[in-house]
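Sequence positions, counted from 1, serve as the residue numbers for this chain.
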Amino acid sequence: MTNFQNLAKLGWTPYFQQQLTLEEWSDAHPVRIVSQHRSCISVQGEARTYSLPLTPAMDALVVGDWILVDSELRYIRLLERKSCFKRKAPGAHLAWQLISANVDTAFILCALNEDFNLSRLERYLALVHSSSAQAVVLLTKSDQVEHTEQALSAVHQLDAALDVLAVNTHASECVERLLPWLGEGQTAVLLGSSGVGKSTLTNTLMNAQYQRTSRIREDDGKGRHTTTHRELVTLPSGGLLLDTPGMRELQLGGCEAGISSAFADIELLGEQCRFNDCRHEQEPGCAVQGAIESGALSQRRLNNYLKLNRENAFNTASLAQRRAKDKSFGKMVKQTVKNKARLRDG
């Protein structure tokens, strides 16, 4: 029988334990996915870490997932996720791409160089708010610029309740500042574009040269990919950290609630508009346009709110159509197989 107390160091909580049946309590073994590769996953249980081959019978899995295996280390099932990060797959692919699961805190890293972008930060906030994880914004490279206070103020204007810290990812002092979110058994993920300092921060938190790092491009301040896969590592503090490859393209889908939360000020203003279906453009009695005219709301923020809503609606509808099409095709294949079997037997 599994010693569930030992699993607490890996992030096991009553949320997962209450999902087990009486039979699974005695016969199944919970393990957590700590890394993912093309043909296999690495999982960690109460005693050791080992690899499992990926098979078509498995659910769509991602790093951070809790799964059950039997005594022969064979896959049984996926446990329901407490939180999940996913995006529309890059490019023209109509599919979801899972990023991570069962994360408590998402550190959104934004570099205070030429690549600093509030609209991109709002996009990440919408993603995090859709996942049920807590968002913490880290403004990196604070030692290289002189406008840190202005940037902190600008981010706080997006949401006064946000936890926002300006950090030097090379400095050991940032470890102590992040400890409230990195206690034993707590899981955090690092999100952000390439070059914002995710791998450097991982090395600092690990107190070791764990991830390879590289210099940013001097012409535009953008970074290069150094992390090539997702892996969950245990920190000296006992926390669990997931470093992810930088995402040059983050398309939203299924993020209605996340966008509403990230733009709560605009949503609140929208409730005061004269018309329920106000598009916040040129309609009379628009409280949102009134806030822009008074300087209480920026045109940039409204434009990004409208843009993300359009993108989210389009991608959500496209993905729903793809799922319906795949489901219809699956039914057709099953019916064809049944008809062939019926003709053969007849």
Side-chain angles (χ1 to χ4, degrees), residues 85 87-88 99 105-131 133-169 189-198 201 216-217 219-223 244 246-253 255-270 280-281 287-312 315:
F85 290 93
R87 63 171 173 172
K88 178 191 168 293
I99 301 171
T105 303
F107 291 117
I108 305 173
L109 278 68
C110 302
L112 290 175
N113 56 10
E114 298 85 352
D115 201 35
F116 181 67
N117 188 304
L118 287 175
S119 293
R120 185 188 302 121
L121 173 57
E122 289 166 341
R123 181 179 290 269
Y124 275 101
L125 286 171
L127 174 73
V128 174
H129 290 322
S130 295
S131 74
Q134 178 187 1
V136 176
V137 177
L138 302 182
L139 302 180
T140 64
K141 307 184 189 296
S142 61
D143 58 311
Q144 301 176 20
V145 299
E146 297 179 355
H147 59 272
T148 300
E149 290 302 320
Q150 296 96 308
L152 283 167
S153 176
V155 175
H156 274 303
Q157 287 178 17
L158 303 182
D159 183 351
L162 265 178
D163 287 306
V164 188
L165 289 79
V167 298
N168 172 6
T169 54
V189 64
L190 303 183
L191 300 175
S193 305
S194 300
V196 296
K198 298 191 304 298
L201 180 57
I216 62 171
R217 300 197 299 260
D219 56 344
D220 58 6
K222 294 183 182 294
T244 64
M247 293 182 281
R248 296 201 188 280
E249 182 178 345
L250 177 59
Q251 290 198 45
L252 302 182
C255 288
E256 293 87 353
I259 294 174
S260 293
S261 182
F263 295 88
D265 54 340
I266 297 180
E267 294 273 323
L268 186 61
L269 285 168
H280 314 313
E281 295 175 348
V288 175
Q289 285 296 331
I292 289 178
E293 292 172 7
S294 69
L297 178 69
S298 70
Q299 186 67 51
R300 179 210 64 79
R301 183 159 168 81
L302 174 60
N303 290 344
N304 200 37
Y305 168 75
L306 297 174
K307 174 185 176 181
L308 295 185
N309 269 311
R310 289 193 298 268
E311 175 186 308
N312 181 73
N315 287 335

Original post:
For the atom pair CG (D159) and NE2 (H156), what is the distance rounded to the nearest 0.5 Å?
Top reply: 9.5 Å
Original post:
Do the side chains of Q144 and L112 get nearer than 4.5 Å, heavy atoms only?
Top reply: no
**OP:** Report the distance from atom OG of S130 to atom CG of L125, rounding to the nearest 0.5 Å.
**Re:** 10.5 Å
Subject >> Donor-acceptor under 3.5 Å (N315 side chain, L252 main chain) >> reply: yes
Original post:
Does S131 reach the main-chain N or O of V128 with its side chain, forming a donor-acceptor pair under 3.5 Å?
Top reply: yes
**OP:** Report the distance from atom CZ of R310 to atom CG of N312, rounding to the nearest 0.5 Å.
**Re:** 12.0 Å
Original post:
Considering residues at least two apart in sequence or located in another chain, which fulfil the side chain to side chain contact (heavy atoms under 4.5 Å, CB included) criterion with E281?
Top reply: R279, E283
**OP:** Check for a donor-acceptor pair, side chain of S261 on one end and backbone N or O of A257 on the other, with a separation under 3.5 Å.
**Re:** no
**OP:** Can you establish whether the number of heavy atoms outside Q299 located under 6.0 Å from its atom CD is more than 12?
**Re:** yes
Original post:
Does Q289 use its side chain to pair, donor to acceptor, with the backbone of H280 at less than 3.5 Å?
Top reply: yes
Subject >> Distance-minimising heavy-atom pair for L162 and A135 >> reply: CD2-O, 4.1 Å
Subject >> Donor-acceptor under 3.5 Å (K198 side chain, G192 main chain) >> reply: yes
**OP:** Check for a donor-acceptor pair, side chain of S119 on one end and backbone N or O of N304 on the other, with a separation under 3.5 Å.
**Re:** no
Original post:
What are the two closest non-hydrogen atoms of F116 and A111, and how far apart are they?
Top reply: CB-O, 3.3 Å
Original post:
Has the side chain of S153 got a donor or acceptor atom that lies under 3.5 Å from a matching backbone atom of E149?
Top reply: no
**OP:** Heavy atoms only: give me the nearest A106-L191 pair and the separation to one decimal.
**Re:** CB-CD1, 4.2 Å
Subject >> Considering all heavy atoms, the nearest F85-A133 contact >> reply: CZ-CB, 3.8 Å
**OP:** Measure the shortest side-chain to side-chain distance between D265 and R301 over non-hydrogen atoms and say whether it is less than 4.5 angstrom.
**Re:** yes
Subject >> 4.5 Å side-chain heavy-atom contact, R123 and E311 >> reply: yes
**OP:** Evaluate side chain to side chain contact (heavy atoms under 4.5 Å, CB included) for L165 paired with F107, printing each intermediate quantity in order.
**Re:** CA-CA 10 Å; L165 289 79; F107 291 117; over 6 Å; no
**OP:** Please step through side chain to side chain contact (heavy atoms under 4.5 Å, CB included) for the pair L138 and L201, ending with a clear verdict.
**Re:** CA-CA 10 Å; L138 302 182; L201 180 57; 3.8 Å; yes
Original post:
Which residues pass the side chain to side chain contact (heavy atoms under 4.5 Å, CB included) test with A296, sequence neighbours left out?
Top reply: A291, S294
Original post:
Under the side chain to side chain contact (heavy atoms under 4.5 Å, CB included) criterion, do L139 and T148 qualify, and how do the steps go?
Top reply: CA-CA 8 Å; L139 302 180; T148 300; 5.7 Å; no
Original post:
How long is the gap from CD1 on I292 to CG on L269, to the nearest 0.5 Å?
Top reply: 9.5 Å
Subject >> Check: Y305 main-chain N/O paired with N309 side-chain donor or acceptor under 3.5 Å >> reply: yes
Original post:
Ignoring hydrogens and geometry, is there a side-chain-to-backbone donor-acceptor pair from T105 to Q134 under 3.5 Å?
Top reply: no
Original post:
Would a distance-only check, ignoring hydrogens and angles, find a side-chain to backbone donor-acceptor pair under 3.5 Å from K141 to T169?
Top reply: no
Original post:
Which distance, rounded to the nearest 0.5 Å, do you find between the OG of S260 and the NE2 of H129?
Top reply: 11.0 Å
**OP:** Hey, could you give me the CD/CG distance between E122 and L158, rounded to the nearest 0.5 Å?
**Re:** 5.0 Å
**OP:** Begin from the C-alpha positions of R120 and L250 and carry the test side chain to side chain contact (heavy atoms under 4.5 Å, CB included) through to its verdict.
**Re:** CA-CA 9 Å; R120 185 188 302 121; L250 177 59; over 6 Å; no
